[in-house]
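Heads up, the thing below is written out as structure tokens.
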There are 2 protein chains.
Amino acid sequence: MLICGDRRRVDRREAILEAAEALFLEHGYDRVSLGAIVKRSGGSLATLYELFENKQGLLRAVVGSAVEERDDAIEAMIADGHRPSEVLRAIARNLTASLSAPRMIGLMRIVMIEGLRDPEFARRFYSEYSHVWTLHLAALLQQWNDAGLAVIDDSEGAADLYFSLLLHDVQMRGLFRTSDDEPSDGRDPSWRIEPFITHYRVQ
Amino acid sequence: MLICGDRRRVDRREAILEAAEALFLEHGYDRVSLGAIVKRSGGSLATLYELFENKQGLLRAVVGSAVEERDDAIEAMIADGHRPSEVLRAIARNLTASLSAPRMIGLMRIVMIEGLRDPEFARRFYSEYSHVWTLHLAALLQQWNDAGLAVIDDSEGAADLYFSLLLHDVQMRGLFRTSDDEPSDGRDPSWRIEPFITHYRVQ
DNA sequence: CGGGTAATGTAACATACATTACAAGTCAAC
DNA sequence: GTTGACTTGTAATGTATGTTACATTACCCG
């Protein structure tokens with residue numbers, strides 16, 4: 001027994017996670033009832049409780065499964081042998097979309113609110129989802145500095161400034177605008193990091 | 001009659017607003033009951049409804065009264081005859097505290113959530129509270145450019161980058177960390193805008 | 001002091017919701 | 001096909017909460 005019995009279980013789990021994520025992102029955690037989630041996912045309330053313990057557990061699972069899918073696009077780009085300034089522009093182009101996508105923005109919203117109840121939860125999310133990029137980039141900047149390809153004393157501070165330039169506007173606008181009118185001018189977002197390249201003399 | 005009768009009314013109104021703001025900032029809008037607000041403010045549920053119509057009206061009033069108190073520190077600093085780069089550093093020092101204070105961060109949180117229900121509300125808040133700074137600074141940058149004190153073609157874009165550098169880290173950290181441990185290193189935040197000064201050749 | 005307006009306390013009301021219980025149904029494996 | 005674990009549908013439970021109603025009290029003004 002139960003050779004393929006996991007199958008149903010996994011399907012139910014994914015269906016519920018998908019429905020819960022969609023509704024949480026659209027209306028916020030507190031304004032979505034478990035009944036509404038089950039109505040959307042199919043299945044029954046009982047299985048939801050079987051799989052996720054309670055509503056808070058479901059939220060954790062939703063956020064956790066989204067974090068897992070974090071793509072490591074930055075790794076790939078580092079390998080390229082391009083000039084550092086071009087690498088920075090490429091990272092800008094590749095990361096802006098995913099870090100300002102409605103899914104990311106919506107996750108941020110619900111995590112921030114849940115953080116009022118459980119600070120550690122929000123802190124971990126921020127660390128895993130955002131600060132991790134800073135650390136990756138800081139390492140890269142340090143290499144460039146040591147190789148004479150840039151002049152950067154505080155590499156972590158510099159990486160922070162890079163992401164500030166890149167993401168502040170797009171993320172704040174996303175957080176305060178739920179719907180998707182005003183389609184964020186199609187300009188290449190890499191113009192935003194030019195002050196960074198100039199100041200740190202990135203070759 | 002009612003010459004000084006407004007007095008009680010105004011007192012009640014302010015007491016309720018104060019209690020509601022404190023509780024909303026601490027726990028979030030959805031997780032605070034009107035009963036809890038009244039218990040804290042003193043008074044009665046009936047007066048709350050008399051003054052604010054309903055819970056949503058109370059939220060609007062809380063946010064509205066906070067926005068009114070926006071200080072115009074930036075105006076004062078422009079008058080000074082200092083070098084532009086010093087003016088930028090002074091603005092950085094003066095605005096960082098107020099735009100990253102717990103009150104501001106908490107307001108942002110509740111407005112962002114309410115924005116899921118009423119997008120126009122969130123949009124207006126963002127525009128009045130944040131975008132207005134960008135426009136003010138853009139005008140200043142334009143003047144400097146015209147006077148040969150800086151090289152800035154897109155003054156609004158530049159102003160946006162300035163505030164991105166200055167606020168992204170401190171606001172994001174605030175949004176994801178409800179309590180106030182890790183007291184935000186006492187460093188002068190003006191170091192964050194040095195790339196701006198370098199890139200735009202601000203004198 | 002007396003009169004009326006407004007504030008208070010309390011309770012009622014309807015609803016929504018998280019959570020649990022359980023009987024009936026479904027599916028996979030032998 | 002039959003078994004048995006898992007899933008489903010539905011209802012029950014208890015509680016919290018937005019909102020309204022109302023009788024009572026406190027306050028301000030003439």
Side-chain angles (χ1 to χ4, degrees), chain A residues 1-63 110 113-114 116-118 121, chain B residues 1-63 110 113-114 116-118 121:
Chain A
M1 53 190 168
L2 273 203
I3 287 180
C4 199
D6 288 337
R7 191 61 199 151
R8 274 200 300 176
R9 197 179 174 86
V10 170
D11 284 349
R12 266 337 39 224
R13 195 184 148 86
E14 283 177 0
I16 292 174
L17 280 177
E18 194 178 305
E21 180 182 305
L23 290 173
F24 285 163
L25 296 191
E26 187 175 349
H27 300 109
Y29 174 74
D30 288 300
R31 290 174 185 172
V32 171
S33 71
L34 296 180
I37 292 172
V38 166
K39 183 184 280 183
R40 179 172 176 139
S41 72
S44 76
L45 257 175
T47 24
L48 191 156
Y49 275 90
E50 170 73 19
L51 293 171
F52 299 103
E53 183 109 14
N54 53 28
K55 193 180 182 184
Q56 204 169 150
L58 177 57
L59 173 65
R60 305 300 158 95
V62 165
V63 173
I110 63 181
I113 290 293
E114 184 64 9
L116 292 172
R117 184 181 281 170
D118 179 356
F121 174 68
Chain B
M1 54 192 167
L2 275 201
I3 287 179
C4 197
D6 288 339
R7 191 64 199 149
R8 274 200 301 175
R9 200 181 172 82
V10 169
D11 283 349
R12 265 342 33 229
R13 196 185 146 84
E14 284 176 359
I16 292 174
L17 279 177
E18 194 178 306
E21 179 181 308
L23 290 173
F24 285 163
L25 295 191
E26 186 176 349
H27 299 108
Y29 175 73
D30 288 300
R31 289 175 186 174
V32 171
S33 71
L34 296 180
I37 292 172
V38 167
K39 182 183 281 182
R40 177 171 177 139
S41 72
S44 76
L45 257 176
T47 24
L48 191 158
Y49 273 90
E50 170 72 20
L51 293 172
F52 300 103
E53 181 108 15
N54 54 29
K55 192 180 182 184
Q56 203 169 150
L58 177 57
L59 172 65
R60 303 301 157 94
V62 165
V63 174
I110 64 183
I113 290 294
E114 185 63 8
L116 292 173
R117 184 182 279 171
D118 178 356
F121 174 68

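Chain naming here is simple, since letters A, B, ... match the order of the sequence lines and numbering starts at 1 in each.
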Write down the atom of B:V62, the atom of B:A20, and the distance for their closest heavy-atom approach. CG2-CB, 3.8 Å

Atom pair distance, as rounded to whole Å: CD in B:E50 and C1' in C:dT5: 11 Å

Minimum side-chain heavy-atom gap A:I113-B:D30 below 4.5 Å: no

Give the residues of residues 38-47 of chain B touching DNA chain C, defined as any heavy atom closer than 4.0 Å, sorted by residue number. B:G43, B:S44, B:A46, B:T47

For residues 14-23 of chain A, the side-chain hydrogen bond (donor to acceptor under 3.5 Å, both in side chains) pairs (sequence neighbours left out) are A:E21-A:R103

Please tabulate, one pair per line, each protein N/O and nucleotide N/O from nucleotides 14-18 of chain D that are separated by under 3.5 Å, including the distance.
{"from": "D:dG18", "atom 1": "OP1", "to": "B:K55", "atom 2": "NZ", "distance (Å)": "2.8"}
{"from": "D:dG18", "atom 1": "OP2", "to": "B:L34", "atom 2": "N", "distance (Å)": "2.9"}

Starting at CG of B:L48 and ending at C1' of D:dT20, how long is that distance when rounded to a whole Å? 13 Å

Contact list please: residues 18-25 of chain A against DNA chain C, heavy atoms, distance less than 4.0 Å, in numerical order. none

Side-chain N,O (A:R12) to OP1/OP2 (D:dT8) below 4.0 Å: yes

Taking all heavy atoms of A:L116 and all of B:G28, pick out the closest pair and write down the distance. CD1-N, 3.6 Å

A:K55 side, atom NZ; A:Y49 side, atom OH - distance, nearest 0.5 Å: 9.0 Å

Residues forming a side chain to side chain contact (heavy atoms under 4.5 Å, CB included) with A:D11, sequence neighbours excluded: A:R7

Sequence neighbours excluded, which residues qualify as side chain to side chain contact (heavy atoms under 4.5 Å, CB included) partners of B:A22? B:R40

To the nearest Å, give me how far apart NE2 (A:H27) and P (C:dC17) are. 12 Å

Protein-nucleotide distance (A:F52, atom CZ; C:dA18, atom C1'), rounded to Å: 16 Å

Kindly write out the residues that satisfy side chain to side chain contact (heavy atoms under 4.5 Å, CB included) with A:Q56, not counting sequence neighbours, or none if the list is empty. A:Y29, A:N54, A:R60, A:E114, A:R117

Rounded distance [0.5 Å steps], CD1 in A:I37 versus NZ in A:K39: 12.5 Å

Where the side chain of B:R12 meets the backbone of B:L48, is there a donor-acceptor pair that is under 3.5 Å apart? no

Hits for side chain to side chain contact (heavy atoms under 4.5 Å, CB included) against B:S44, two or more places apart or cross-chain, chain-then-number order -> B:A46, B:T47

Write down the distance between CZ (B:R13) and P (C:dA6), rounded to a whole number of angstrom. 16 Å

Stems formed with participation of DNA chain C [Watson-Crick or G-U wobble, under 3.5 Å, three or more pairs]: C:3-30 with D:1-28

Separation of C:dC17 P from A:I37 CD1 (nearest whole Å): 11 Å

What are the two closest non-hydrogen atoms of B:S41 and B:A19, and how far apart are they? CB-CB, 3.6 Å

Might you point out which heavy atoms bring B:G43 and B:V38 nearest each other, and give the distance in Å? O-CG1, 3.2 Å

